[in-house]
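Quick caveat, the model's predicted, so the values are computed rather than measured. Numbering of residues begins at 1 and proceeds along the displayed sequence.
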Amino acid sequence: MSTRSCPCGLLVAYGDCCGRYHSGAAAPTAEALMRSRYSAFVKGDAGYLLRTWHPRTRPGTLELDPRMRWTGLEILATSDGSAFHSAGTVEFRASYRGGSLHERSRFERVDGAWVYVDGEFLP
C-alpha cells in the first residue's frame with residue numbers, strides 16, 4: 001500500500017478519505033462508514049469505532065490489540081446503504097498478518113448518520 005493511499009484501500013490520501021470521517025464528517029454511505037471503520041482499526045482509533053456503533057449493540061468498552069496488523073480491505077458486495085436508504089449491508093474481507101476476516105456487516109441510520117449494527121462471520 002502506498003503511503004499516499006488511505007488504509008481502506010482507496011487511492012486517495014487518508015485526510016481526504018477516511019481521515020475526514022475520523023475528524024467528524026458524516027460518512028455518506030454504509031460502504032464509506034465500513035471503510036472508515038476498517039481504517040479506524042488500522043489506526044487503533046477505538047473512540048471512532050464506538051461512536052459509529054449503533055447504541056443498541058455498542059459494547060461499553062473496546063480494547064484493540066496493538067499487535068494486530070491489518071494488511072488490506074476488499075469490498076465483496078453491498079446492498080442498499082446509500083443516501084436513499086435507512087439500512088444497508090456490506091460484505092467484505094479484511095486481511096491481517098496471518099489470516100483474514102470475512103464478514104457481512106449490517107448498518108442503519110440513527111439521527112441521519114450511518115452506524116454499524118452487527119456482523120455475521122462468513123466462511
Side-chain angles (χ1 to χ4, degrees):
M1 172 171 29
S2 158
T3 57
R4 302 205 61 201
S5 63
C6 187
C8 79
L10 295 179
L11 298 177
V12 179
Y14 166 75
D16 295 330
C17 193
C18 294
R20 63 189 164 149
Y21 307 133
H22 294 173
S23 295
T29 65
E31 180 181 339
L33 180 67
M34 196 270 123
R35 286 180 175 279
S36 71
R37 286 176 56 83
Y38 171 83
S39 291
F41 275 104
V42 171
K43 299 233 174 235
D45 189 346
Y48 179 78
L49 293 166
L50 288 169
R51 284 192 309 276
T52 58
W53 210 311
H54 197 293
R56 184 177 73 238
T57 57
R58 178 187 320 139
T61 61
L62 181 64
E63 291 186 31
L64 302 177
D65 183 348
R67 297 167 300 178
M68 180 65 114
R69 295 293 175 248
W70 296 98
T71 59
L73 175 66
E74 180 183 7
I75 302 297
L76 303 172
T78 62
S79 176
D80 297 336
S82 78
F84 303 106
H85 300 107
S86 59
T89 61
V90 179
E91 181 181 345
F92 66 92
R93 182 172 291 109
S95 300
Y96 56 87
R97 192 175 298 149
S100 67
L101 170 85
H102 184 187
E103 181 177 314
R104 182 178 304 115
S105 294
R106 291 187 320 127
F107 298 87
E108 292 178 4
R109 284 186 187 263
V110 172
D111 297 328
W114 285 107
V115 292
Y116 169 78
V117 177
D118 59 20
E120 170 190 5
F121 293 115
L122 302 170

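Separation of atoms NE2 (H85) and CH2 (W114) is listed at 7.5 Å; rounding is to 0.5 Å. Atom CG of residue L50 and atom OG1 of residue T52 lie 8.0 Å apart, to the nearest 0.5 angstrom. Taken from CG in L73 to OG in S100, the straight-line distance is 11.5 Å, to the nearest 0.5 Å. Separation of atoms CD (E74) and CG (L76) is listed at 4.5 Å; rounding is to 0.5 Å. Here the straight-line distance linking atom OH of Y96 with atom CG of D65 works out to 11.5 Å at 0.5 Å rounding. Annotation: the span from R69 atom CZ to S95 atom OG amounts to 15.5 Å, rounded to 0.5 Å.
Side-chain N or O atoms of S23 include none that pairs as donor or acceptor with a backbone N or O of R20 at under 3.5 Å. Panel note: side chain H102, backbone P123; a donor-acceptor pair is recorded below 3.5 Å. A donor-acceptor pair under 3.5 Å is absent between the side-chain atoms of S79 and the main chain of T89, judged by distance alone.
For the residue pair S105 / Y116, no side-chain donor-acceptor distance below 3.5 Å is found, with atom types taken as modelled.
Judged by the 6.0 Å and 45° rule, K43 forms no cation-pi pair with Y48.
The minimum heavy-atom distance linking L10 with C17 is given by the pair CD1-SG, 3.9 Å. Between A26 and Y21 the shortest heavy-atom distance is O-CE2, 3.6 Å. Of all heavy-atom pairs between W70 and A94, the closest is CZ3-CB, 3.7 Å.
Counting only heavy atoms from C-beta outward, the side chains of W53 and R37 approach each other to under 4.5 Å. Residues L101 and F92 are in side-chain contact: their nearest non-hydrogen atoms beyond the backbone lie under 4.5 Å apart. Taking the side chain as every heavy atom from C-beta outward, R35 and I75 approach each other to under 4.5 Å. Residues F41 and L49 are in side-chain contact: their nearest non-hydrogen atoms beyond the backbone lie under 4.5 Å apart.
Hydrophobic cluster membership differs between L62 and V117, with clusters built from Ile, Leu, Val, Met, Phe, Trp and Tyr side chains linked at under 4.5 angstrom. Linking ILVMFWY residues whenever their side-chain heavy atoms come closer than 4.5 Å, directly or via other members, leaves V115 and Y38 in distinct clusters. Side-chain heavy atoms closer than 4.5 Å link hydrophobic residues (I, L, V, M, F, W, Y) into clusters, and following such links, even through other members, never connects V110 to M34.
In the hydrophobic clustering, where aliphatic and aromatic side chains (Ile, Leu, Val, Met, Phe, Trp, Tyr) are joined below 4.5 Å either directly or transitively, L122 stands alone.
The side-chain contact (heavy atoms from CB on, under 4.5 Å) search around S86 returns none, not counting sequence neighbours. S39 is linked by a side-chain contact (heavy atoms from CB on, under 4.5 Å) to C6, P7, C8, C18, H22, counting only residues two or more places apart in sequence or in another chain.
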